[in-house]
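Heads up, the thing below is written out as structure tokens.
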Number of protein chains: 2
Amino acid sequence: MTAIWPDRDALCLLTDLYELTMAQAYWRQQRNDEAIFSLFFRVLPEQRQYAVACGQEYAAHLVSELRFPEAQVARLAELKQFQPEFLDWLAGFRFTGEIRTVPEGTLVFPHEPVLEVRAPVIQGQLLESLLMNYINLETLLASKASRVVDAAGGRPVMDFGMRRMHGLEAAWRGVRAYRVAGISGTSNVLASRDFDLPAQGTMAHSYIQAVGDERQAFLEYARLYPGTTLLVDTYDTLAAVDKVIGLVREEGIEVGAIRIDSGDLGALAKAARRRLDDAGLSGIRIVVSGGLDEWKVAKLVADGAPMDGFGVGTEMGSVADAPSLDFAYKLTEYGGEPRLKNAPGKPVYPGAKQVWRHHDANGMLAGDEITGIDEARDGEPLLRTVIANGEPVIAAPDADAARQRLRGELAALPEPLRGVQRAPEPYPVSLSERLETLRQRTLDALSR
Amino acid sequence: MTAIWPDRDALCLLTDLYELTMAQAYWRQQRNDEAIFSLFFRVLPEQRQYAVACGQEYAAHLVSELRFPEAQVARLAELKQFQPEFLDWLAGFRFTGEIRTVPEGTLVFPHEPVLEVRAPVIQGQLLESLLMNYINLETLLASKASRVVDAAGGRPVMDFGMRRMHGLEAAWRGVRAYRVAGISGTSNVLASRDFDLPAQGTMAHSYIQAVGDERQAFLEYARLYPGTTLLVDTYDTLAAVDKVIGLVREEGIEVGAIRIDSGDLGALAKAARRRLDDAGLSGIRIVVSGGLDEWKVAKLVADGAPMDGFGVGTEMGSVADAPSLDFAYKLTEYGGEPRLKNAPGKPVYPGAKQVWRHHDANGMLAGDEITGIDEARDGEPLLRTVIANGEPVIAAPDADAARQRLRGELAALPEPLRGVQRAPEPYPVSLSERLETLRQRTLDALSR
């Protein structure tokens, strides 16, 4: 049978080779002091104002279950780079450290740790590729979708992206991120079942073409699916709207909505709305789709186009404007000593950290401060322990809680930072004096 | 245990809901005449000159194995949109039609069918989402990677993209597409085993930071991995090169290469090359990485920078310049009659087709012609049957054969079309007169 994805057991080999060769080198030299690794991004994509942290709790749970089963260790042995004693050590691997993350659905900004690992360095190193891949995808998709949802101003946004997303897993797991972002439904049947989001869909042009007669196609479809959405742009959009009106009057079919998938969506929606209203069918909703992204959605909303919902696919699913985030996973402490890489223009801050989120008197977000983990501040500490001694200490990730959290944070975000264009000033994030001093001292020590 | 991907059995539900509701509508009305569906793209991304067809043979094999197991049918029933008799029909589903594709590794151009399905319309419709998702991802990655490999002018290109690709499946399956594109190795351990591409990797900055002393880190690593690649840009790149030279002379370590991951890669590589050569170490290779794409690789090569290999990750893996292709899957014939959607500026050509590739006297590619399936031409017919009566009639997809095919086609592609900038003239693709006439006649019939 043709493989579509690896065995669950093989998760341990979905990693970059150097994680394993470094692990063996540490192991060989008995260098296995406690290390801190910090996962964060430095720069937001152009026009972005925030990212929505997503995937990190799920990834932390995966880490707690990570093992190197015998069959996988045997495959590693084929590479002829690993010593039998190290392979034995891998076979007994389990994560014993601590993982702290911000809650899923939290807005995050440059330099803020989304996740920190405290563990013997070999363990922390072995997690790098898996954590980055997992968190990159879900944060990427949740961040993009959140912008689309926000631009739609309360109108439902549906995920139609499966065909253009990067593989079946991305299209499936993406729906979890979409649910956090506030998407209302998905066309992806399995994901709708697995992640408990309504399955939605209408009909394709091919159906109307196959039936041949558009009116007949509408009639049959609406009889089979009362309240369905009829696709009206196969031949002539407004003529098709008239056919829908005629069918409702003459045949008594129940139509929930029409969908317009091409042409000047705003103008066509307005004209369709008028015809439907004039016919007394103001209950029939109008859904649009076709090449939509947050900018197009915002423009349609600003233009007062009478849309009741948006179907969004390619741009959201492939994250067309920024298909990756520049996440880094950096060693910031080893054996109790701060460690840094000297990269001009790419500062890393030493040690384990906390992020404090401040609210003003009206409850609006007023800025964050990144501090060392042992500095106390007023405000909301964002990072909390999700894995301790290798075991989960919070419940399984809850997409609804994350969605609520995101909704609250967005509502408290000052207006210019919610827009689809970049605000004149970014959200204020400061670094504690102690962290700056420690960084400078560490760099000075490096250059000695 | 935390799920990372669905059961193999659930492949049938990884589809857009409307494929299933349309299928039920066809089934209910006993509309199940033979249909032709054609999968193609209309427009190349800016700066692209070709796409490399990939994934279609693999996807065709999946189709031949597609079933709706009982447990999955039960999940569909929960949606309350499907009648028991239709669900029974689904439970007995197997594909009985024909699939024709161009061979994997073939260069394809706008409007050329990459794949055509001939099957009862319900079956053809049910395959849409799966085929599009599968072929989009692999064609996307093979097309991008082919440009990077070509730009590298024979120097090896390594895939370092796992952490920034869209999920674990994309990073894993991407390696199959990369192998077709001519990538030399991958850092992804499992993919290297499953798709038989060398596993490659060096060390990360974190290793040097954890050891603390750079010289000591190099010494230990090279002793453990003779012939390894040492990462030299953690603190001061050229100072690190001097440390490598000193270690080779004083400690006799074996170093295969150095890797430079930041800074002015071209200037640093030249300076490093000089120091190594002056020390009589011209056998130590120089590998560069860090934000590379085909344009940066081409520039480094054009500048004569002494690179022996490129590690490419984020830009290639997320396909940063064009993270989706505009693939369409269109009904072009039903019950023996041509069918089209009337979309201004988005022509679809009716019926089953063939693509004929012409070579000139020197064996160079001289242009393609798209014809109806029953028109004969001189030249190479690109589409051939891979599934007949629902069963594979070719061997399992062979990445090596595809790689050879691509290599041959690129060697025969006129020079301006191989460059990283868009050529003044696109590759010539014409449509047969009969196809144009048939399209016009079909459109005329639509507007009657």
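Chain A is the first sequence line, chain B the second, and so forth, proteins listed ahead of strands; every chain is numbered from 1.
In this structure, the portion of B:Asn136 lying under 4.5 Å from any heavy atom of chain A is its side chain and not its backbone. Contacts of B:Tyr235 with chain A are made by both backbone and side-chain atoms, with heavy-atom separations under 4.5 Å. Residue B:Arg193 touches chain A through both its backbone and its side chain, counting heavy-atom pairs closer than 4.5 Å. Residue B:Glu19 touches chain A through its side chain alone, counting heavy-atom pairs closer than 4.5 Å. Neither the backbone nor the side chain of B:Asp33 comes within contact range of chain A, judged by heavy atoms closer than 4.5 Å. Heavy-atom distances place the side chain of B:Glu65, and not its backbone, under 4.5 Å from chain A. At a 4.5 Å heavy-atom cutoff, B:Glu214 makes no contact with chain A through either its backbone or its side chain. Contacts of B:Ile135 with chain A are absent, with no heavy-atom separation under 4.5 Å from either backbone or side chain. Proximity to chain A (any heavy atom under 4.5 Å) is shown, for B:Glu315, by neither the backbone nor the side chain. The part of B:Gln29 that comes within reach of chain A is its side chain, from C-beta onward, which places non-hydrogen atoms under 4.5 angstrom from that chain. Interface residue B:Leu137: only side-chain heavy atoms are found under 4.5 Å from chain A. Neither the backbone nor the side chain of B:Ala35 comes within contact range of chain A; no heavy atoms are under 4.5 Å apart. Interface residue B:Thr202: backbone and side-chain heavy atoms are both found under 4.5 Å from chain A. For B:Ser262, the part lying near chain A is the side chain, with the backbone staying farther off; criterion is any non-hydrogen pair under 4.5 Å.
A:Ile208 contributes atom CD1, which lies 12.5 Å from atom CZ of B:Arg339 (distance to the nearest 0.5 angstrom).
Checked against the 6.0 Å centroid criterion, the rings of B:Tyr207 and A:Tyr26 qualify as a close aromatic pair.
No donor-acceptor pair closer than 3.5 Å links the side chain of A:Asn188 to the backbone N or O of A:Met162. With hydrogens and angles ignored, the 3.5 Å screen pairs no side-chain donor or acceptor of B:Arg173 with any backbone N or O of B:Gly55. Judged purely by atom type and a 3.5 angstrom limit, B:Gln24 uses its side chain to pair as donor or acceptor with the backbone of B:Gln81. Side-chain atoms of B:Tyr329 do not come within 3.5 Å of backbone N or O of B:Ser129 as any donor-acceptor pair.
Per-residue heavy-atom pair counts under 4.5 Å with chain A were compared for B:Thr314, B:Asp194, B:Val121, B:Thr332, and the maximum is reached by B:Asp194. Chain B forms the most heavy-atom pairs under 4.5 Å with one residue out of A:Val211, A:Leu340, A:Leu62, and that residue is A:Val211.
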